[in-house]
Each structure stands twice: as C-alpha cells, then as structure tokens.
Amino acid sequence: MSFLGDDYLLETETARTLYEGIADLPIVDPHSHADVVEIVEDDGWSDVWEVEGATDHYVWALMRNRGVPEERITGDATNREKWEALAEVFPSFAGNPTYEWVHLDLKRRFGIDRTISSETADEIWEETAAQLEDDSMRPQALLREMDVEVVCSTDDPTSSLENHERAEEEISGVDVLPTWRADRVLQVEDDDWGGFVDELATATDVGTGDLEGFLDALRASHDHFAEHGCVASDVGIRMPVSRPVDDARAAACYEAALAGSIEGEEAADLQAYLLECIGELNAEKGWTTQFHLGPVRDYREEVHEALGPASGGDVSTQDLDIEGSLKHFLNRFDGEFEVVLYCLDPTHYPTVATLARVFPNVNVGPAWWFNDSPVGIEEQLEYVGTVELLSNSPGMVSDSRKLLSYGSRFEMFRRSLANVVGRQVERGRMPRDVARDLVRTVAYDRPRELYGF
C-alpha cells in the first residue's frame, strides 16, 4: 500500500466500497476552533508555515519533543526559518497522525505528493507560496472546495458575534455558527473570575452585582447566541460538578466568589448551581449540550507562563469521577436535550458508553484530541458500537484552529469508519447494505440530526 494512496487505511475491498460511498459527502463540523475573523476577512495566507504550523499546537508539541528551540516554533524566527525547522524533524513524526494530516493537506489542497524533509523544504515552500497567491486558496474558497457545509466555532459568552453576523450576510454555501462555550462561567475559583463577571455585564448591559443579575446576564448572552444561529453549548473543564443546590446557598456562594474568597465546597456548590442553570437555558432552546471531560490545562508551567493557554502544555488524567459527577445533571435533564460526552482518556470510554446506553439523549462524542488518530478512532468506534449503538455516533469534529485541516481530519475519520465497518461485514457481523447505510449515517446524517443543522 502506497503512502496516502487510494487504499490509505482501507484494509478490505468492502472498506474501499464503503468509503467510496461517503468520501464526497459534505463536511458537518460541530466543534472547531475556527478563526471567524480569518474566514470573513478572506485575506488568505502568505506561506506554508502560516497554514500548517502557526496555530497548530499539535505541531508545536512534536517539534519541542524533537529538540527544536522555542524561538523556531512560537518565537521571533521568521516563518521560513520555522518551516525549515519543522521540515528537518518532520520525518521523525511518522506514525503520529500529524504526519499524515499535514501530508494530506499538501496532497489534497496543493497537489504536492512529495514528503516533507530538509531536502524538500525549499521547493515545498516556494510551490505553496505561489499557489497561496491564487484566490482559490483563500479561506472561503477552500471551505467551499472542501465542501464544508457547517462549521461551528467556539465562542466566549461575552462575544459580540459581530463576525458571525458578517459571515451570515457575506458568505454563501457555508454556515459558520457560534457555540456558547461556558468554561469561564464555571471557573469560579479562578483569580480572574470577577473580571469575567464584569465583562459579561458590559457585553450584555445587565448588572451582575448579585446572583440574580448574573443569571439575567447569562440569559441575555444565551439569547444573543441563539439569535445568531447557535444550536449548542460546550463546557470544557476537567470535571464539572453536578448536584442540587438551593437558591439561598448559591447566592451566598456568589458573593464569596465576587469577593475572591471562595474555595472548596462553596466553589463546588456554586459551580453545580450554575451548571444546572446552563442546562435550564439549553432545555428551553433545545440546544445540544457538549462536555469535553478530562483536560488538565497548562500542566507544563514553563510553556504556560511564556505563551499562555492552548500552547501545547496540556495533559489528560484518569482521575475523574464521571459517573458520580454527572449523575444529578443527566437525571435532571433526562430526555430534555441531546448531550455529547467527549472524554480525553480512553480508559473512560466504558463509563461514557454505559451512560449513553441507559440515557437515550446521551451520546459518546468522537475520539478527541490525543485520540483522533486512526488507532484511536477505530478503537473508539469498535468499543462504543459494542456497548451502545454505532448508529448513534455524533460523527466527527475537526477540533482545529487550522482551516486546511478540516478536509484531512474528516478524510481520516471516514476512512477509519469504513475500515471498522468493513471488517464487521467481512466477519459476517452485518450485511453490506446495512453497512452502507450505517457509514453514511455516522459520517453525515446523524450529526445533522443531533445538532439540528
């Protein structure tokens, strides 16, 4: 089998046939970190580092692991110097999905079949730079060329969404929708939580001096997002707290949080109360509710201090009580809206899959972050399909800040999906016509239905 050839990841003739049926379906991306400004401005890029390395902390982490100095990753080196540093170590990335994603980008978007190395760095730099000057390589044209039907960005509740307004008015053929990302709502112990409260008051023009005002401001933000096409909220913290908390207790905890003196049980109670309020808002609008569980943020302190969050210094942990922490929330909102649970550590799949088995409105999110490789995707699909239902899968998400990667990530997923289901056909576990319908459902129909696109 040739590198990224027609049979890439496809081990059987059945898998090849199944993939042919889903390869060209439109992309529906319910969770990305799309730069909406980049999309609406549509200025494009100047060089290959901008499109492949400048925003990709997967690339950064691997370059650090190969000894590349930070100066040539996120520092003051020129983009060409950074690209040359990446190309020098890129052959050592083989076996990691980043090696495949970036080469798929070159092959599918630029028509370049050469592999990246110090020997090919200059010619790839020159060839991609020339192509990037063409209007066909601007963000909006690329989204259409990749047949991206829907892409959901990740947005703070304080966002004005002015660029989403522009996207709705100016971009045809692609829906660029916001997602209400409520992390900062729940991070009540953070030193800057009071700053978030003030930002929310300014953004919504609602006073947040007490809990009632804060909840009114949250509702105003939630309504604002709904008016701009939002269909989902998201919480991405290590583990949310879920338990019943009465109004008086929550109001007292809120005062403590504003004073910067909240900790322990007070913080947990306020977080649980606010999470339930978020659930109530989502239930009113029927929004899909996403939980990204397990990231330990900014674990490598040197990276965080120098570069801030989302810089490649995060890790995962097994130390989560998913069942206990979510019990009240899942029972409180049983059947009221769709819930998607993403887990960062694959040892949590049994818990999440059994939650989805007993709650029809709970769905196991796609293999995420450290797991969105051919190995991780296939293992997750195979396991979840035996405990829950593969036909309930929410499909794939890019989870990416890099526009060119949308096509590559969805191609990897669809090939892996076809391979998993193809193997089941070959083993006599399902007929071919059922398999054909199943891969289409997972690749396209189910995510559209789940999120109400």
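Quantities reported herein were computed from a predicted structural model and do not represent experimental measurements. Here, residue 1 is the first one in the sequence, and each next residue gets the next number.
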Pairs where [range] contributes a residue and the test salt bridge (Lys or Arg N to Asp or Glu O under 4.0 Å) is met, not counting sequence neighbours:
| range | answer |
| --- | --- |
| residues 21-49 | E41-R166 |
| residues 138-157 | R109-E145, D135-R138, E149-R448, D156-R184 |
| residues 110-123 | R80-D122, K107-D113, R114-E123, R114-E127 |

Should the pair [X]-[Y] be classified as a salt bridge under the 4.0 Å nitrogen-to-oxygen rule?
| X | Y | value |
| --- | --- | --- |
| E284 | R219 | yes |
| R16 | E13 | yes |
| E382 | R423 | yes |
| D56 | R401 | no |
| E265 | R243 | yes |

Heavy-atom closest contact ([X] atom, [Y] atom, distance):
| X | Y | value |
| --- | --- | --- |
| S393 | V442 | OG-CG1, 3.6 Å |
| H224 | S159 | CD2-O, 3.8 Å |
| V185 | I278 | CG1-CD1, 4.1 Å |
| L330 | F359 | O-CE2, 3.5 Å |
| I322 | V352 | CD1-CG2, 4.1 Å |
| Q140 | V40 | NE2-O, 3.6 Å |

Less than 3.5 Å apart, any donor N or O on the side chain of [X] or [Y] sitting next to an acceptor on the other?
| X | Y | answer |
| --- | --- | --- |
| S405 | S400 | yes |
| E388 | N392 | yes |
| S233 | N282 | yes |
| Q290 | H31 | no |
| T154 | R181 | no |
| T14 | E426 | yes |
| Q380 | Y349 | no |
| H164 | S153 | yes |
| Y8 | E100 | yes |

Could you list the residues that satisfy salt bridge (Lys or Arg N to Asp or Glu O under 4.0 Å) with [X], not counting sequence neighbours?
| X | result |
| --- | --- |
| E162 | none |
| E70 | R64 |
| D321 | none |

Under a 3.5 Å distance rule, please check whether [X] uses its side chain to pair with a backbone N or O of [Y] as donor and acceptor.
| X | Y | answer |
| --- | --- | --- |
| D183 | G236 | yes |
| E411 | G407 | no |
| R72 | E81 | yes |
| E336 | A283 | no |

Side chains of [X] and [Y]: does their closest heavy-atom pair fall under 4.5 Å?
| X | Y | value |
| --- | --- | --- |
| M146 | L403 | yes |
| F110 | D105 | no |
| Y273 | L215 | yes |
| P374 | S416 | yes |

For [X], I'd like to know if atom [atom1] has over 12 heavy atoms of other residues, nucleotides or ligands within 6.0 Å.
| X | atom1 | result |
| --- | --- | --- |
| D6 | CG | no |
| R429 | CZ | no |
| E88 | CD | no |

Any pair with a residue in [range] that passes ring-ring contact (aromatic ring centres under 6.0 Å, His included), sequence neighbours left out, goes on the list, sorted by first then second residue, please.
| range | answer |
| --- | --- |
| residues 412-453 | Y451-F453 |
| residues 306-340 | F291-F329, F329-F333, F333-F337 |
| residues 86-105 | F3-Y99, F3-H103, Y58-W101, F90-F93, F90-Y99, F90-H103, Y99-H103 |

Derivation of the side-chain contact (heavy atoms from CB on, under 4.5 Å) call for V439 and R414: CA-CA 8 Å; V439 294; R414 289 173 177 179; over 6 Å; no

What's the verdict on side-chain contact (heavy atoms from CB on, under 4.5 Å) for I73 and K82, showing C-alpha distance, side-chain angles and the deciding distance? CA-CA 6 Å; I73 303 173; K82 292 173 181 177; over 6 Å; no

Among L390, V434, L381, find the residue that satisfies the side chain to side chain contact (heavy atoms under 4.5 Å, CB included) test when tested with V421.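 Exactly one option meets the side chain to side chain contact (heavy atoms under 4.5 Å, CB included) with V421, and it is L390.
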
Checking side-chain contact (heavy atoms from CB on, under 4.5 Å) for the pair T120/T115: CA distance, chi angles, key distance, verdict? CA-CA 7 Å; T120 62; T115 56; 5.5 Å; no

Under the ring-ring contact (aromatic ring centres under 6.0 Å, His included) test, which residues partner H348, sequence neighbours left out?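 Result, ring-ring contact (aromatic ring centres under 6.0 Å, His included) vs H348: none returned.
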
With sequence neighbours excluded, give me every side chain to side chain donor-acceptor pair (under 3.5 Å) pair touching residues 353-363.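 Passing the test, one end in residues 353-363: E338-N363, N363-R446.
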
Check step by step if salt bridge (charged side-chain N to carboxylate O under 4.0 Å, His left out) holds for D223 and K285. CA-CA 9 Å; D223 291 345; K285 297 184 177 71; 2.7 Å; yes

Check the angle between the aromatic planes of W180 and H222 and answer parallel, tilted or perpendicular using the 30° and 60° thresholds.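 Plane angle over 60°, so perpendicular.
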
Could you tell me the separation between the CG atom of L86 and the CG atom of L62, rounded to the nearest 0.5 Å?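 It comes to 9.5 Å.
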
Please evaluate residues V51 and K402 with respect to the criterion side-chain contact (heavy atoms from CB on, under 4.5 Å), reporting the C-alpha separation (whole Å), side-chain torsions for both, the decisive distance (0.1 Å), and the verdict. CA-CA 7 Å; V51 295; K402 193 166 69 175; 5.7 Å; no

Name all residues meeting the side-chain contact (heavy atoms from CB on, under 4.5 Å) criterion together with V296; count only those two or more places apart in sequence or in a different chain, and write none if there are none.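 Per chain and number, V296 pairs via side-chain contact (heavy atoms from CB on, under 4.5 Å) with R238, Y299, V315, T317.
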
